[in-house]
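Here is the structure we will look at, set down as structure tokens.
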Amino acid sequence: MVAATGNADTSVGHGELIKAVDHALTTHGRALLTGPAGAGKTEVVRAVAAAAEARRESVLRLAPEAADQWIPEASAAALLASVPAAALDQLSGPQRTAIALLRREADAPRAGRDHIALRLAVVEVLRTLAARQPVLLVLDNAQWLDAESTDLLRFALRLTPPRVRVLVAECVQGGAPIGEPLCGPGVPAIRVPPLGADEVAELLVRHCLPARLAGRIHQASGGNPRLALALGHSLAEAAEARDSSAHHADPLPVSGQAREVARRLLAGVPAQARRTLLLAALASRPTTSLLRRAGRPDAEAELAEAERAALVRVGEDGTVEFTAGALPTALAADAGWPERAAGHAALAAAVDDPVQAVRHRALAVDTPDQWLAAEITEAAAACRRRGQRVLAAELGLLAAERTPSWLAGEELARLVAAAEDAGWAGRADLARRATRAVLARDASSADRVRARLAVIDAAGQALGALDETFAYAMDEAAGDPSLQAAVQLRIAWKHNLSDGDPVRSRDAAAEAGRLAALGGDQTAEAMALTVRARMGRILGDTDAEEILAEALALPAPEVPLGMRNAPQYLDVRHALFDDRLTDARRQLMVLLPAVQRTGSAEDVFEVLRSLTEVELRSGRCEAASAHARRALELTIEAGLSPGPAWYVAAMAEATGGSFARAAGYARRGIQASQEEQDQVFLSRSLHALGLVELATGEAAKAVATLRRVAALEAAQQVVDPSVLRWHGELAEALIASDAPGEAAELLDRVHAVALRLGRTGVVAALDRARGLCLSAQGEADAAVRLLEATAQRFDALQLPLERGRTLLALARVERRRRRRAPARAALRAAAEVFGLAGAAPWTELAREPAPGEGGGAQAPAAAVLTEAETRLALLVSQGASNQEAAAKLFLSVKTVEARLTRIYQKLDVRSRAQLATALRTR
């Protein structure tokens with residue numbers, strides 16, 4: 001009766017909620033916590049109770065189970081059984097007798113009991129406990145209270161003193177709520193909100209589940225913690241059973257524990273409303289008017305019941321959306337075939353889209369039908385023209401299932417087309433399903449290769465686990481140069497993305513180009529040249545632009561392998577690398593509607609990613625954030641690899657949002673890229689994290705993070721510093737960590753490469769770091785001259801945020817040499833630049849501190865210290881030992897001792913006490 005209910009770990013995302021409950025109890029003495037099953041109410045209640053016990057309050061807990069609601073006074077007996085015996089000593093004889101009878105005979109007939117004495121006894125017990133110390137009465141699962149216990153508690157709580165506080169938690173689904181009648185009118189009602197996608201990601205990480213699944217699990221669970229974990233565990237178990245890693249786009253198995261959680265959420269829905277919900281689950285785009293036309297005249301009222309139970313949301317236009325994607329799956333799975341068939345037949349007559357009408361008619365029968373299969377095939381072609389590739393793949397599979405056995409050729413063609421549609425859409429589950437069917441038939445080598453290539457195309461960033469698929473595809477393509485070229489192209493992509501080896505990627509692309517030319521496939525030839533040009537840029541080859549021009553000169557029909565692999569898209573990326581941002585933006589705005597028409601989610605994402613990067617570098621943070629949000633939403637909706645989307649979100653937040661949110665996105669991007677063996681976006685997410693750590697003053701962490709980037713880039717043989725511009729950040733972090741010599745070596749090495757390749761924007765960023773390096777080495781005048789000139793160069797290059805960062809660096813140098821007026825002028829100029837760009841976190845960094853305030857400007861005494869020295873001086877002045885400071889700053893004790901000696905010399909002090917005084921008074 002009082003056992004744990006198995007709720008999910010809701011310490012994730014519910015910190016503010018726990019504070020709100022505590023506040024309500026403090027101010028009102030009563031609080032009502034509501035939410036659906038699995039939302040995390042029990043864990044919130046436990047946290048509040050633990051805090052009360054820590055304050056030495058007396059906590060009484062009651063958590064009835066479902067069966068208890070049918071046993072009169074069962075919950076009251078359980079509550080009184082938990083009361084200390086000493087609290088019963090002062091009761092009158094009749095009251096003690098009433099309690100004794102209840103505790104011994106909770107399930108016995110109630111006749112003959114003194115119910116008045118029992119009620120008064122409960123009141124007296126609570127008063128006695130409250131006289132000794134404050135009392136918190138915690139009632140979880142209030143929806144399962146029996147009626148008699150509810151009446152008893154309602155009576156008792158009206159007469160309890162203020163020192164008795166009451167927390168009631170109940171599910172919102174089904175039945176009349178009892179929380180407010182129990183606690184009295186006006187009780188503060190606090191609803192447990194669903195977890196956001198970020199919080200679901202954190203929840204999965206805590207439970208050792210793949211973070212890359214967070215987007216789809218958030219969508220399927222609606223942010224319900226218990227359902228999210230159940231789905232995650234089910235998917236992990238399914239992957240283990242297949243002896244392969246779970247793919248980010250796999251269907252989420254609503255089975256086992258996940259189905260039980262979904263059933264519990266649906267349990268309180270009346271039968272009539274459940275029938276309406278089933279129709280909504282079977283429809284692609286359910287609306288109230290569609291459900292009425294399909295035979296549910298009371299759809300609005302029945303959906304209102306479901307909405308009160310937090311199962312659906314009904315829009316003002318009548319659109320119906322399930323709060324969790326697993327709910328319609330569970331509804332359809334639990335319905336029998338006759339009920340589902342009847343539902344599809346009703347919807348087929350009610351929908352106004354001919355494609356959906358065909359789909360529902362096909363799902364209403366389970367026998368082969370030559371003419372119906374042909375209709376479904378036509379509907380799939382219509383979806384392909386609309387850019388609805390996922391639906392086209394689903395219809396292609398359905399058409400194959402409805403094709404009679406004597407039309408084996410047509411069935412095979414439909415399966416191959418379905419596989420290719422799924423590959424285009426990035427739906428690995430559908431691609432694998434269609435490919436398995438192709439391989440199980442007497443298919444030609446060409447059809448088998450096309451199907452296998454669809455699986456590769458659907459894998460997104462997770463190409464590292466497909467070595468066997470590549471091997472079979474190469475073997476089956478033998479003798480056909482065009483097919484061999486197609487396979488070699490994918491191998492080239494894998495060498496770059498998963499293996500981090502641009503040299504092998506370039507060589508595979510060259511072989512693909514040779515084979516494509518031999519087979520007369522100019523599109524594949526252009527693709528191969530594009531890969532060579534991309535790898536050439538990475539490797540610093542001076543002929544990369546010539547190779548790209550050669551690719552652009554070839555005919556450019558509709559690109560079957562994705563716009564992201566086309567020469568015109570690489571041309572945009574090169575414009576971005578070269579800081580030709582106006583050209584890049586213009587071309588991207590042309591490409592965006594084109595890729596949306598193709599139905600390739602990965603192509604749309606790539607264009608949105610590039611638009612985000614262009615707008616950020618152009619100083620339009622609001623537009624960049626909007627593109628990043630769309631990219632993240634698309635990733636979750638389409639089931640794409642989340643690593644790239646989290647990187648894009650991290651960069652948008654680091655520039656125009658919040659450093660804290662940026663760090664969260666970057667860490668998730670790092671984990672997802674590691675899980676998928678994506679070396680390219682692993683280094684990018686690490687760069688985003690290192691940038692945030694540097695900006696927020698965590699120089700030692702930034703050095704460690706950016707060194708990982710350097711190691712990855714070296715392993716990937718990246719030469720061109722314009723592709724990922726981490727070098728200046730690492731140099732700045734080294735300078736802030738009191739390693740200007742190492743920073744200078746890095747700057748000299750990269751500066752030579754940037755000059756050779758003509759990367760003017762990179763040179764300017766390196767010069768900003770060099771200015772800080774000069775300042776740290778005591779050459780303040782040269783540092784100021786260089787930084788002022790660099791700010792002007794960024795202005796000429798139309799890179800406002802880079803100019804703002806340079807002005808911040810200039811202010812730092814001026815402060816260090818105690819020139820306050822120039823420092824303030826540089827800060828104000830930086831703040832103006834950041835403000836115009838909408839770069840909120842950087843605007844805050846450039847804020848001038850008020851007199852006596854810390855923050856952006858250092859105290860005068862610290863102005864002669866480097867940033868690393870300032871952090872150490874502050875720690876030591878606050879009482880940290882050398883060992884503690886070393887641990888805090890990730891340094892050796894010897895380094896701390898040497899640095900502390902320099903600090904004493906610069907400030908002319910001889911002890912820690914004098915150091916503290918110098919920092920405080922100057």
Side-chain angles (χ1 to χ4, degrees), residues 173 219-220 222 251 254 262 265-266 268-366 369 372 375-376 378-399 402 425 599 633 637-638:
Q173 53 195 98
Q219 189 179 48
V254 185
L265 290 168
L266 293 162
V269 181
Q272 290 299 318
R274 193 180 181 95
R275 293 190 185 98
T276 299
L277 286 179
L278 175 61
L279 274 185
L282 298 177
S284 293
R285 294 182 296 276
T287 63
T288 52
S289 59
L290 172 63
L291 297 175
R292 283 197 307 270
R293 293 197 303 272
R296 306 303 303 169
D298 297 325
E300 280 90 347
E302 290 161 352
L303 289 170
E305 289 186 70
E307 193 166 25
R308 283 192 293 273
L311 299 174
V312 297
R313 288 183 290 268
V314 181
E316 292 184 3
D317 58 352
T319 56
V320 181
E321 179 186 7
F322 283 90
T323 55
L327 296 178
T329 304
L331 279 164
D334 285 347
W337 159 251
E339 193 175 2
R340 287 199 305 273
H344 282 299
L347 289 167
V351 295
D352 51 15
D353 180 358
V355 168
Q356 288 298 327
V358 171
R359 171 178 168 270
H360 286 299
R361 283 198 291 113
L363 291 169
V365 298
D366 62 351
D369 184 321
L372 178 58
E375 282 188 81
I376 303 170
E378 283 298 317
C383 291
R384 210 170 288 124
R385 291 191 295 271
R386 296 177 185 177
Q388 298 172 327
R389 294 283 183 158
V390 174
L391 184 54
E394 292 173 348
L395 289 171
L397 284 165
L398 194 55
R402 298 294 179 267
E633 290 166 1
E637 179 183 343

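For this chain, numbers begin at 1 and follow the sequence in order. Just so it is clear, the structure is predicted and the values come from calculations on it, not from any experiment. Computed over heavy atoms, backbone and side chain alike; hydrogens, waters and symmetry mates excluded.
- Note that the CZ atom of Arg275 and the CG atom of Asp298 stand 12.5 Å from one another [nearest 0.5 Å].
- In this structure, the separation between CG on Leu331 and CZ on Arg340 is 11.5 Å, given to the nearest 0.5 Å.
- With sequence neighbours excluded, the residues that form a side chain to side chain contact (heavy atoms under 4.5 Å, CB included) with Glu300 are Thr288, Arg292.
- Between Leu291 and Ala280, the closest heavy-atom pair is CD2-N, 3.7 Å.
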List the steps and the verdict of side-chain contact (heavy atoms from CB on, under 4.5 Å) for Glu339 and Leu278. CA-CA 9 Å; Glu339 193 175 2; Leu278 175 61; 3.4 Å; yes

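- Atom CG of residue Leu363 and atom CD of residue Glu394 lie 9.5 Å apart, to the nearest 0.5 angstrom.
- A salt bridge links Arg296 with Glu302: at least one charged nitrogen is closer than 4.0 Å to a carboxylate oxygen.
- Nearest heavy-atom pair, Phe322 versus Pro328, reported as atom, atom and distance to 0.1 Å: CG-CD, 3.7 Å.
- To the nearest 0.5 Å, atoms CG (Asp353) and OG (Ser284) are separated by 8.5 Å.
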Take Val312 and Thr323 through the side-chain contact (heavy atoms from CB on, under 4.5 Å) test and state the conclusion after the steps. CA-CA 5 Å; Val312 297; Thr323 55; 5.6 Å; no

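- Counting only heavy atoms from C-beta outward, the side chains of His344 and Arg361 never approach each other to under 4.5 Å.
- Taking CD of Gln356 as the start and CG of Leu347 as the end, the distance is 9.5 Å to the nearest 0.5 Å.
- Nearest heavy-atom pair across Ala364 and Ala345 is CB-N, 3.8 Å.
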For Arg359 and Leu395: C-alpha separation, side-chain torsions, deciding distance, then whether side-chain contact (heavy atoms from CB on, under 4.5 Å) applies. CA-CA 7 Å; Arg359 171 178 168 270; Leu395 289 171; 3.9 Å; yes

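- Here the shortest heavy-atom pairing between Pro270 and Glu305 reads CG-OE1, 3.1 Å.
- Minimum heavy-atom separation, Ala294 to Ala346: O-CB, 3.5 Å.
- Between Val355 and Ala382 the shortest heavy-atom distance is CG2-CB, 4.2 Å.
- In this structure, Arg402 contributes its side chain and Leu372 its backbone to no donor-acceptor pair below 3.5 Å.
- In this structure, Arg285 does not pair ionically with Asp317, as no charged nitrogen and carboxylate oxygen lie closer than 4.0 Å.
- Put simply, CG on Leu277 and CG on Leu303 are 6.5 Å apart, with the number rounded to the nearest 0.5 Å.
- With a 4.5 Å cut-off on side-chain heavy atoms, Thr287 and Val320 do not count as touching.
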